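Nothing here was measured: the structure is a model prediction, and the numbers come from that model.
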Amino acid sequence: SIRADASMVTLSFPSPSLSFVESGTCSKSTHVSRVLFSGPHGESSEPSKILRDVHISERLMEDFTELARENTDKDLETCGTLAAFLERGVFYVTTLIIPKQESTANSCQAMNEVDVFSIQNERELYPVGWIHTHPSQGCFMSSVDLHTHYSYQVMVPEAFAIVVAPTDSSRSYGIFKLTDPGGMEVLRGCSETGFHPHKEPEDGKPVYEQCSNVYKNSNLRFEIFDLR
């Protein structure tokens, strides 16, 4: 990828043989696989509600990791928004937007979010999730992450959070969502800010879990807007 400023677009092409995703169309991939992980919160589970499938390119995650490397080397988090179009009941992630942001070793705050909304609206895309790094921490969702993600999942039930943790020896990234209704109810009723513990959901399930409806699709091309 080529680093772009706010007025430019970085087009990322996973392979010359892959087809670009135009609005409203998508060529079917012969290389689609479910994204699964092991470890804490990593066991796949059937969603409590029927969720639409989401397809994402693993290359997109790799390119984001590379764009975040400068921050990662400085022990600073980096975050981005994932946008998708919906066709025949399936979400296809085709756009990564990295907004202007303020970062610390364990937090990342997006700024000028109107620019993110503008890009999504122009392309008629859904905000189906977000991606961020844990430069020196493990692959998990912090309490602050959970509150950030709640704002996505309350809008789009299929919304997911990708945590990239390059120093985690057990897994370098995970794809998570709040359990529904348990985790969603906990976050809906929590008014605390900063890092804090959350109570366990009344249904006995964890607050968040590994997504079971997200698939790696090697046939997807995507674009990256780096607005930093």
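- In this structure, Asp75 CG and Ser103 OG are separated by 11.0 Å, a value rounded to the nearest 0.5 Å.
- Residues Val156 and Ile175 share a hydrophobic cluster, clusters being chains of Ile/Leu/Val/Met/Phe/Trp/Tyr side chains in contact below 4.5 Å.
- The structure places CD of Glu113 at 11.5 Å from CG of Leu227, a figure rounded to the nearest 0.5 Å.
- Considering only heavy atoms from C-beta on, Leu178 stays 4.5 Å or farther from Glu209 through its side chain.
- Hydrophobic clustering, with ILVMFWY side chains joined whenever heavy atoms are under 4.5 angstrom apart, groups Phe140 together with Leu187.
- Here CD of Glu200 is found 11.5 Å from CD of Glu202. Values are rounded to the nearest 0.5 Å.
- With salt bridges taken as basic N to acidic carboxylate O contacts below 4.0 Å, none links Glu185 and Arg188.
- Between Glu87 and Arg52 there is no salt bridge, since none of the side-chain N atoms of the basic residue sits less than 4.0 Å from a carboxylate O of the acidic one.
- Counting only heavy atoms from C-beta outward, the side chains of Pro166 and Ser172 never approach each other to under 4.5 Å.
- With sequence neighbours excluded, the residues satisfying ring pair (Phe, Tyr, Trp, His ring centres under 6.0 Å) with Phe91 are Tyr126.
- For the atom pair Lys177 NZ and Leu51 CG, the distance stands at 5.5 Å (nearest 0.5 Å).
- Phe117 is not listed as a side-chain neighbour of Ile119, based on a closest heavy-atom distance of 4.5 Å or more.
- Remark: Glu223 CD to Thr95 OG1 distance equals 4.0 Å, nearest 0.5 Å.
- Partners of Thr167 by side-chain hydrogen bond (donor to acceptor under 3.5 Å, both in side chains), not counting sequence neighbours: none found.
- Taken from CD in Glu62 to OG in Ser57, the straight-line distance is 7.5 Å, to the nearest 0.5 Å.
- Minimum heavy-atom separation, His196 to Cys190: NE2-SG, 3.4 Å.
- Remark: the backbone N or O of Met61 is paired with a side-chain donor or acceptor of Thr65 at under 3.5 angstrom.
- Taken together through direct or relayed side-chain contacts under 4.5 Å among Ile, Leu, Val, Met, Phe, Trp and Tyr, Leu76 and Val164 form parts of separate hydrophobic clusters.
- In this structure, Trp130 and His132 have parallel ring planes: the angle between them is below the 30° cut-off, well short of the 60° mark.
- Leu96 is not listed as a side-chain neighbour of Thr81, based on a closest heavy-atom distance of 4.5 Å or more.
- Looking at heavy atoms from C-beta onward, Leu146 lies in side-chain contact with Tyr208 at the 4.5 angstrom threshold.
- Asp145 and Thr148 share no donor-acceptor pair across their side chains, judged by distance under 3.5 Å alone.
- Contact check on Glu70 versus Lys74 returns a salt bridge, with a Lys/Arg side-chain nitrogen under 4.0 Å from an Asp/Glu carboxylate oxygen.
- Side chain of Thr133 to backbone of Thr78: a donor-acceptor contact under 3.5 angstrom is found.
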### Task
Walk me through it: do Val93 and Phe222 pass the test side-chain contact (heavy atoms from CB on, under 4.5 Å)?
CA-CA 8 Å; Val93 179; Phe222 53 88; over 6 Å; no

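- Proximity of Phe64 to Ile98: side-chain heavy atoms (C-beta onward) are separated by under 4.5 Å at one or more points.
- Residues Ile162 and Ile56 are in side-chain contact: their nearest non-hydrogen atoms beyond the backbone lie under 4.5 Å apart.
- Hydrophobic clustering keeps Val207 apart from Phe195 (ILVMFWY residues linked when any side-chain heavy atoms are closer than 4.5 Å, directly or through intermediates).
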### Message
As a quick check of understanding, evaluate side-chain hydrogen bond (donor to acceptor under 3.5 Å, both in side chains) for His149 and His147, giving each step before the final call.
### Response
CA-CA 5 Å; His149 185 65; His147 278 273; over 6 Å; no

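- Residues Met141 and Val154 share a single hydrophobic cluster, defined by chaining ILVMFWY side chains whose heavy atoms lie under 4.5 Å apart.
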### side-chain contact (heavy atoms from CB on, under 4.5 Å) between Glu158 and Val128, worked out
CA-CA 7 Å; Glu158 290 80 6; Val128 294; 5.8 Å; no

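- The two atoms that bring Ser143 and Gly194 nearest to each other are OG-O, 3.6 Å, heavy atoms only.
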### Task
Might you work through the salt bridge (Lys or Arg N to Asp or Glu O under 4.0 Å) test for Glu66 and Arg59, ending with a clear yes or no?
CA-CA 10 Å; Glu66 185 60 34; Arg59 177 64 183 273; over 6 Å; no

### Message
Set out, in order, the CA-CA distance, both residues' side-chain angles and the distance that settles side-chain hydrogen bond (donor to acceptor under 3.5 Å, both in side chains) for Glu58 and Tyr173, then state yes or no.
### Response
CA-CA 11 Å; Glu58 189 168 24; Tyr173 64 87; 2.6 Å; yes

### side-chain contact (heavy atoms from CB on, under 4.5 Å) assessment of Val90 paired with His55
CA-CA 8 Å; Val90 176; His55 288 214; 3.7 Å; yes

### Message
Before you tell me yes or no, could you show the steps for Thr94 and Phe85 under side-chain contact (heavy atoms from CB on, under 4.5 Å), namely the whole-Å CA-CA distance, both residues' side-chain angles and the distance that decides it to 0.1 Å?
### Response
CA-CA 7 Å; Thr94 56; Phe85 73 87; 3.7 Å; yes

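- Closest heavy-atom contact between Pro206 and Pro201: O-CG, 3.7 Å.
- No side-chain heavy atom of Phe176 sits under 4.5 Å from any side-chain heavy atom of Cys211.
- When every heavy atom of Glu77 is checked against every heavy atom of Cys108, the shortest pair comes out as OE1-N, 3.7 Å.
- Formation of a donor-acceptor pair under 3.5 Å by the Gln101 side chain with backbone atoms of Cys79 is found in this model.
- The residues Arg69 and Asp73 are annotated as not salt-bridged, no charged nitrogen and carboxylate oxygen being separated by less than 4.0 angstrom.
- Under 4.0 Å is where a charged nitrogen must lie from a carboxylate oxygen, and between Arg228 and Asp226 at least one such pair does.
- The nearest pair of heavy atoms linking Asn217 to Asn219 is OD1-N, 2.8 Å.
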